[in-house]
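Below: the structure, in structure tokens.
These numbers were taken from a predicted model, which means no experiment stands behind them. The figures that follow rest on heavy atoms only: side chains count, while hydrogens, waters and symmetry mates do not. Proteins come first, then strands; the chains are lettered A, B, ... in the order of their sequence lines, and each starts at number 1.
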There are 2 protein chains.
Amino acid sequence: MERSNKRAEAPPGERPGTRPGADRPPTIRGVAARAGVSKSLVSLVLQGSPRVSDAKRQAVLAAIDELGYRPNAAARSLVARRTRTVGVLLNDMRNPWFVEVLDGLNSLLQAHDLRMLMADGRLDRRAGHDFARTFQELRVDGLVVVGTLPDTTGLAEAAERLPTVIAGNHEPRLPHTDLVANDDEHGARLATEHLIGLGHRRIAHIAGQGPVGERRRRGFETAMRSHGLAAHAVVESGDGTEEGGYRAAVRLLGPPRTTRRTPTERPTAVFAFNDISCVGALSAAQELGLDVPADLSLVGYDNTYLARIRHLWLNSVNNASHEVGRRAARCLLDRMARPDAPAGHQLVAPALEIRGSTAPPGAV
Amino acid sequence: MERSNKRAEAPPGERPGTRPGADRPPTIRGVAARAGVSKSLVSLVLQGSPRVSDAKRQAVLAAIDELGYRPNAAARSLVARRTRTVGVLLNDMRNPWFVEVLDGLNSLLQAHDLRMLMADGRLDRRAGHDFARTFQELRVDGLVVVGTLPDTTGLAEAAERLPTVIAGNHEPRLPHTDLVANDDEHGARLATEHLIGLGHRRIAHIAGQGPVGERRRRGFETAMRSHGLAAHAVVESGDGTEEGGYRAAVRLLGPPRTTRRTPTERPTAVFAFNDISCVGALSAAQELGLDVPADLSLVGYDNTYLARIRHLWLNSVNNASHEVGRRAARCLLDRMARPDAPAGHQLVAPALEIRGSTAPPGAV
DNA sequence: AGAGAGCGTTGGACCGTTCCAATCGACGCG
DNA sequence: CGCGTCGATTGGAACGGTCCAACGCTCTCT
């Protein structure tokens with residue numbers, strides 16, 4: 001017995017019981033004792049080493065099975081000095097595209113035997129927790145930030161200590177931190193050019209707030225300008241909500257409040273910041289007696305399942321979130337291999353999903 | 001320099017090369033050395049022990065700060081034999097009510113200094129992973145299963161080893177495993193009685209599949225029967241999708257295909273299995289020229305944000321998912337205190353959210 | 001026959017923390 | 001002055017694994 005310094009008066013029970021009982025889960029030593037081998041050999045079997053005789057391997061496996069032994073990840077990672085875990089910080093799990101990103105992340109990470117530890121930044125922060133600190137204490141091997149981050153405090157510190165990738169956001173540009181984001185400007189151009197291609201000239205954009213809203217607006221304006229339609233571009237501000245989209249559309253499409261605007265000036269197409277505000281615009285259009293798409297074409301963004309409802313059936317820009325996740329995972333793996341590589345930034349090109357909410361403009 | 005065990009020939013760069021040593025994160029010993037105390041004293045400070053002199057405490061805190069020390073959770077939990085972590089198994093993160101449940105869970109768990117480790121069962125299973133095994137290896141202190149579980153293999157085994165609670169599902173009844181679920185039958189009764197209360201008599205139900213669908217159908221039938229309307233109850237099967245709801249509604253509301261059905265027999269109200277199939281029914285109604293709610297009343301289920309779209313504005317049953325999460329957390333905490341208590345099952349009562357999709361029936 | 005190689009197996013050091021018993025110095029008391 | 005008390009501090013043994021050097025055994029080669 002290697003552990004000879006055990007108390008002599010300890011009862012020689014089956015399990016080397018600690019004082020008041022409470023049977024602990026079996027350890028590698030328990031398995032070794034049961035199989036009649038050393039713990040080192042059990043360790044070798046666990047690692048699938050080829051240099052173990054078949055007889056002993058069987059004995060060990062049997063013992064593991066009988067005792068229901070499960071290796072202790074904490075002990076393992078303590079000596080390995082890596083956890084095979086990456087922290088994933090989410091921000092609003094209500095947002096469905098997160099799931100796509102996670103899905104993409106997962107596909108690559110699992111192939112590399114890494115598990116994901118997810119935290120909802122919103123929940124944690126509300127409780128005054130600092131996710132960055134927690135992830136560091138857990139010694140995650142890497143960090144993925146998905147989406148926008150209300151306060152980047154702590155992130156910078158975490159990022160300089162462990163491989164970090166930002167996915168789905170352009171925002172915090174940090175020294176050794178890669179970034180994979182949707183090319184919002186490109187997506188907005190796609191949507192706008194689709195409308196222009198149909199023959200629309202007077203096209204409105206219902207804008208969103210924040211950096212994302214700005215990029216999409218910029219894409220819209222760029223497309224209009226490069227087709228010589230800058231004079232026909234209208235931007236009405238929204239807030240990304242249905243209500244905001246509704247109100248913006250009423251301002252765009254309703255009876256002119258100033259004497260300046262004539263009926264012919266009414267936009268024949270609207271490109272909205274996102275699907276939800278597009279739905280608001282749709283409501284407004286119908287209330288105003290405009291048929292979509294005959295009288296008004298609509299394009300949304302994000303290709304959420306709202307757009308897929310037959311009742312709405314919106315054209316929408318699909319930002320390939322799954323691809324964002326995959327690429328982010330790729331970046332993270334690369335960075336785990338070479339932590340000091342310069343930060344890389346890449347954009348993923350979205351695609352336009354065509355359904356039934358656009359058509360060529362009617363007779364002007 | 002404090003890190004004196006560094007190879008003498010290693011270049012003294014800002015970032016020490018990863019070559020042989022790879023600077024490890026500071027440990028409690030490093031902090032102790034820097035503060036000029038023993039590691040035990042550092043440990044005491046970390047635990048906020050009152051029996052440490054102020055001078056030394058300050059020295060230790062300063063050292064921690066300067067080195068950017070973060071305690072190693074693995075080492076800590078190894079000796080503590082608990083991780084202060086509960087595993088949360090999700091199944092389809094696309095489903096928004098999960099988030100509510102998580103939110104509810106989180107509120108209580110964080111108050112008890114427990115963190116949540118989330119796994120998406122769908123993702124894991126696809127990769128041939130066994131979440132139950134993983135959670136056991138991580139030695140989580142408890143397990144929460146949220147929603148339905150495709151295969152319960154492994155769960156039974158996990159549940160008998162660690163405190164487990166099922167949230168949001170009636171399904172696997174296991175020995176020492178509590179269960180907190182939505183009272184679907186009650187919710188369906190609420191919806192049906194609301195319609196009955198408005199004066200509807202001929203009411204249809206678009207059913208869903210699986211155990212949940214069955215419970216909601218049963219609630220519908222019970223309510224109809226207890227108001228003497230069993231003869232007027234119609235159940236048309238759907239599949240929980242928009243398409244299924246649409247087709248079911250067409251069968252219910254469209255021109256009678258058999259000579260038996262007369263126009264007066266057409267239902268004046270439909271209670272759908274969920275919001276999405278309710279939206280399908282809404283589409284069908286509008287295509288058939290029926291006005292909602294004047295000609296047809298609709299009630300959905302789950303109170304998703306679909307129901308909140310002004311365009312749809314559906315009455316819907318709101319199963320208090322946040323409350324489900326809270327109660328599940330409560331159960332888990334109780335069970336962690338007394339693991340051998342008998343299994344408890346509780347149902348959370350839903351409420352009907354009234355919007356604009358119902359009205360008294362028109363003249364018959 | 002002895003040396004060496006190769007294979008299967010083993011003891012022990014170590015990972016970074018907590019906890020306990022022991023130590024140390026200062027102090028009050030008989 | 002020696003002794004017990006008390007509070008602050010410390011060394012060392014766990015915790016449950018991995019890994020490495022070393023070991024014994026069999027086999028082969030010279």
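- Paired with Val60(B) under the rule side-chain contact (heavy atoms from CB on, under 4.5 Å), one option of Leu46(B), Leu44(B), Leu41(B) passes, and it is Leu41(B).
- Comparing atom distances between the Ala75(A) side chain and each of dG16(C), dA8(D), dG17(D) picks out dG17(D) as nearest.
- Of the listed nucleotides (dC19(D), dT17(C), dG16(D)), dT17(C) has the atom at the smallest distance from the side chain of Arg29(B).
- Using a 4.0 Å cut-off, no side-chain N or O of Arg139(B) falls inside it from OP1 or OP2 of dG16(D).
- The phosphate of dC19(D) has OP1 or OP2 within less than 4.0 Å of a side-chain N or O from Gln47(A).
- The residue among Leu46(A) and Lys56(B) whose nearest nucleotide of DNA chain D lies closer to the 5′ end is Lys56(B).
- Salt bridge annotation for Arg330(B)-Asp334(B): present, with a cationic side-chain nitrogen under 4.0 angstrom from a carboxylate oxygen.
- With distances taken from any side-chain atom of Leu41(A) to the nucleotides dT9(C), dG16(D), dG12(D), the minimum falls on dT9(C).
- Residue Leu44(B) places its side chain closer to dT10(D) than to any other of dG17(D), dT18(C), dT10(D).
- The nucleotide whose nearest atom lies closest to any side-chain atom of Val52(B) is, among dC15(D), dT9(D), dT17(C), dT9(D).
- Phosphate proximity of dA14(D) to Arg81(B): absent, as no side-chain N or O sits under 4.0 Å from OP1 or OP2.
- Although no hydrogens or angles enter the test, the distance criterion places no donor-acceptor pair under 3.5 Å between the side chain of Arg335(A) and the main chain of Thr177(A).
- Contact annotation: Ser38(B) side-chain N/O to dT10(D) OP1/OP2 distance is under 4.0 Å.
- One atom, NZ of Lys39(A), and another, P of dC15(D), lie 13 Å apart when rounded to the nearest Å.
- Under 4.0 angstrom from either OP1 or OP2 of dC15(D) there lies at least one side-chain N or O belonging to Arg24(A).
- The base of dG8(C) lies outside donor-acceptor range of the side chain of Ser53(A), with no N or O pair under 3.5 Å.
- Ionic pairing of Arg115(A) and Glu137(B) is not present here: no N-O contact between side-chain nitrogen and carboxylate oxygen is shorter than 4.0 angstrom.
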**Asked** Which is it for Leu155(B) and Leu143(B) under the side chain to side chain contact (heavy atoms under 4.5 Å, CB included) test, yes or no, and what are the steps along the way?
**Response** CA-CA 10 Å; Leu155(B) 178 61; Leu143(B) 189 59; 4.2 Å; yes
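- Taking 3.5 Å as the limit, the base of dG11(C) and the side chain of Ser40(A) contain a donor-acceptor pair of atoms between them.
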